[in-house]
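Working notes for the structure below.
On a predicted model such as this, the values are computed, not experimentally measured, just so you know. A, B, ... follow the sequence lines: proteins, then strands. Residue 1 opens every chain.
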There are 2 protein chains.
Amino acid sequence: MMAYEQLKLDNQLCFRLYTATRLTIGAYHPYLNPLGITYPQYLVMLVLWEQNKQPVCDIAKSLLLDTNTVTPLLQRMEKMGLVKRTQGKEDARQRIVSLTKKGMEMQEQAKHIPECLTADIIKKANEEEEYMGMIPMLDKLIEGLKQPNK
Amino acid sequence: MMAYEQLKLDNQLCFRLYTATRLTIGAYHPYLNPLGITYPQYLVMLVLWEQNKQPVCDIAKSLLLDTNTVTPLLQRMEKMGLVKRTQGKEDARQRIVSLTKKGMEMQEQAKHIPECLTADIIKKANEEEEYMGMIPMLDKLIEGLKQPNK
DNA sequence: TATTTTTGCATCGTGAACGATATAATTTGA
DNA sequence: TCAAATTATATCGTTCACGATGCAAAAATA
């Protein structure tokens, strides 16, 4: 049985994206484990540190995720004492998510993570420029594909 | 409260990788749904079409995954009638995974998926060269980070 | 050879992703 | 104004990822 050339794993861009993502998220573990949060939870923290008190839908929009992913994530984070969720005043459907004291203080502990991670990647895979060079392509890819989530 | 510049979502390479991956996998849905398989299952099929009859560990190695991810995946695929798993003869610990007739026939239906996907992405996000240009960088990134799974 | 270590596979538990669906509040528009 | 459509959130079920752990077979080593 012969594989079609185009079906070979080695010719798949998506498989590379998928693998690179998994491994890169794995590289965050040494820094996120001490904080007790996962990578998706870290992303939510980034969003809230940048802009506190947001309805669930805005957080979801920033992360290009649906609420059925974000809601349980926030529920776990609330249970951990990182955020609280209050009823919206103007729009009663909305749940406004805000950082607790603990959630705000975590920013200080997290502020070196990006540079640590860059350093780790450079050390293991060399050359920073190249990775940064991917950014415009990834952005274009995301922009083109993100329609469903508006 | 001010966010540190480096903690802004917009400065995160990994978030882009993560999002681009999710959206790209999503772009496979129109083609994988008719086959009744998921994207990770499609990856397993790619591996087996390229080389039938492999122990679980080899499949896992190809995909840079651990057996605790691959085993349940294969169990589901066996239940769907795509593969069968037999005891290894030389090494009794191994489970040899092979394609069923149904699994082999699926290759014919799948052979146009890569070009369809490329066409979709080009149509939505323009310019093929750029995405292909990411391949060497992703490979280097993967190579540098993949140590744990050997 | 006997013991230790490693390897291959499996199971369990947790946390995402995401399709499908539900519910209530808001908005639209006939 | 009142029904219909939309929006914001939540719940449920399934499938991945993956850490932790267990077990038996094989390999390494004393």
Report the nucleotide, chosen from [options], that has the shortest atom-to-atom distance to any side-chain atom of [X].
X	options	result
B/Leu65	D/dA8, C/dT26, D/dA17	D/dA17
B/Asp91	D/dC18, C/dG8, C/dA17	C/dG8
A/Gln75	D/dT11, C/dA16, C/dT11	D/dT11
A/Asn68	D/dT15, D/dC12, D/dA24	D/dC12
A/Cys57	C/dA10, D/dT9, D/dC18	D/dT9
A/Thr71	D/dT11, D/dA8, C/dA10	D/dT11

Round to the nearest Å and state the distance from [X] atom [atom1] to [N] atom [atom2].
X	N	atom1	atom2	value
B/Leu73	C/dA10	CG	P	12 Å
B/Gln54	C/dC9	CD	C1'	16 Å
B/Ile59	D/dA17	CD1	C1'	17 Å
B/His29	C/dA20	NE2	P	10 Å
B/Asp66	D/dT21	CG	P	15 Å
B/Tyr39	C/dG19	OH	P	16 Å
A/Leu32	D/dC18	CG	C1'	15 Å
B/Tyr42	D/dC16	OH	P	15 Å

**Item:** Intermediate values then yes/no, side chain to side chain contact (heavy atoms under 4.5 Å, CB included), B/Arg16 and A/Met134
**Value:** CA-CA 9 Å; B/Arg16 287 180 168 85; A/Met134 285 194 290; over 6 Å; no
**Message:** Within the supplied structure, the quantity of interest is the number of heavy atoms (other residues, nucleotides, ligands) at a distance under 6.0 Å from B/Lys53 NZ; does it exceed 12?
**Reply:**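 Not buried by this count: 12 neighbours or fewer within 6.0 Å.
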**Item:** Upstream residue (5' side of DNA chain D) when B/Lys89 and A/Pro55 are each assigned their closest nucleotide
**Value:**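 Taking each residue's closest nucleotide, the earlier one in sequence belongs to A/Pro55.
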OP1 or OP2 of [N] under 4.0 Å from side-chain N/O of [X]:
X	N	result
A/Tyr18	D/dA17	yes
B/Arg76	D/dC16	yes
A/Arg95	D/dA8	no
B/Gln41	D/dC16	yes

**Message:** Nearest 0.5 Å, please: how far is OG1 in B/Thr38 from NE2 in B/His29?
**Reply:**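 Rounded to the nearest 0.5 Å, the NE2-OG1 separation comes to 8.0 Å.
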**Prompt:** Closer to the 5' end of DNA chain C via nearest nucleotide, is it B/Pro72 or A/Thr38?
**Reply:**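 Per heavy-atom nearest nucleotide, the more 5' residue is B/Pro72.
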**Message:** Both A/Ile25 and B/Leu74 contact DNA chain C. Taking the nearest nucleotide for each, which residue is further toward the 5' end?
**Reply:**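 By nearest-heavy-atom nucleotide position, the 5'-most residue is B/Leu74.
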**Item:** Donor + acceptor pair across side chains of B/Tyr31, B/Gln109 (<3.5 Å)
**Value:**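 No donor-acceptor contact under 3.5 Å links the two side chains.
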**Asked** Has the side chain of A/Arg93 got a donor or acceptor that lies under 3.5 Å from a partner of the other kind on the base of D/dT9?
**Response**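 No such pair is found, so the answer is no.
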**Request:** Assign the ring pair B/Tyr42 / B/Tyr28 to parallel, tilted or perpendicular, where the plane angle (0 to 90°) is split at 30° and 60°.
**Result:**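 Judged by the thresholds at 30° and 60°, the geometry between B/Tyr42 and B/Tyr28 is tilted.
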**Asked** Applying the 4.5 Å side-chain criterion to the ILVMFWY set and letting contacts propagate, would A/Leu43 and A/Leu64 be lumped into a single cluster?
**Response**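 As far as the 4.5 Å side-chain criterion goes, A/Leu64 and A/Leu43 are connected within one cluster.
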**Request:** Give A/Gln87 one of three labels, base, sugar-phosphate or nothing, depending on what nucleic acid heavy atoms sit under 4.0 Å from its own.
**Result:**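 A/Gln87: no heavy atom of the nucleic acid under 4.0 Å.
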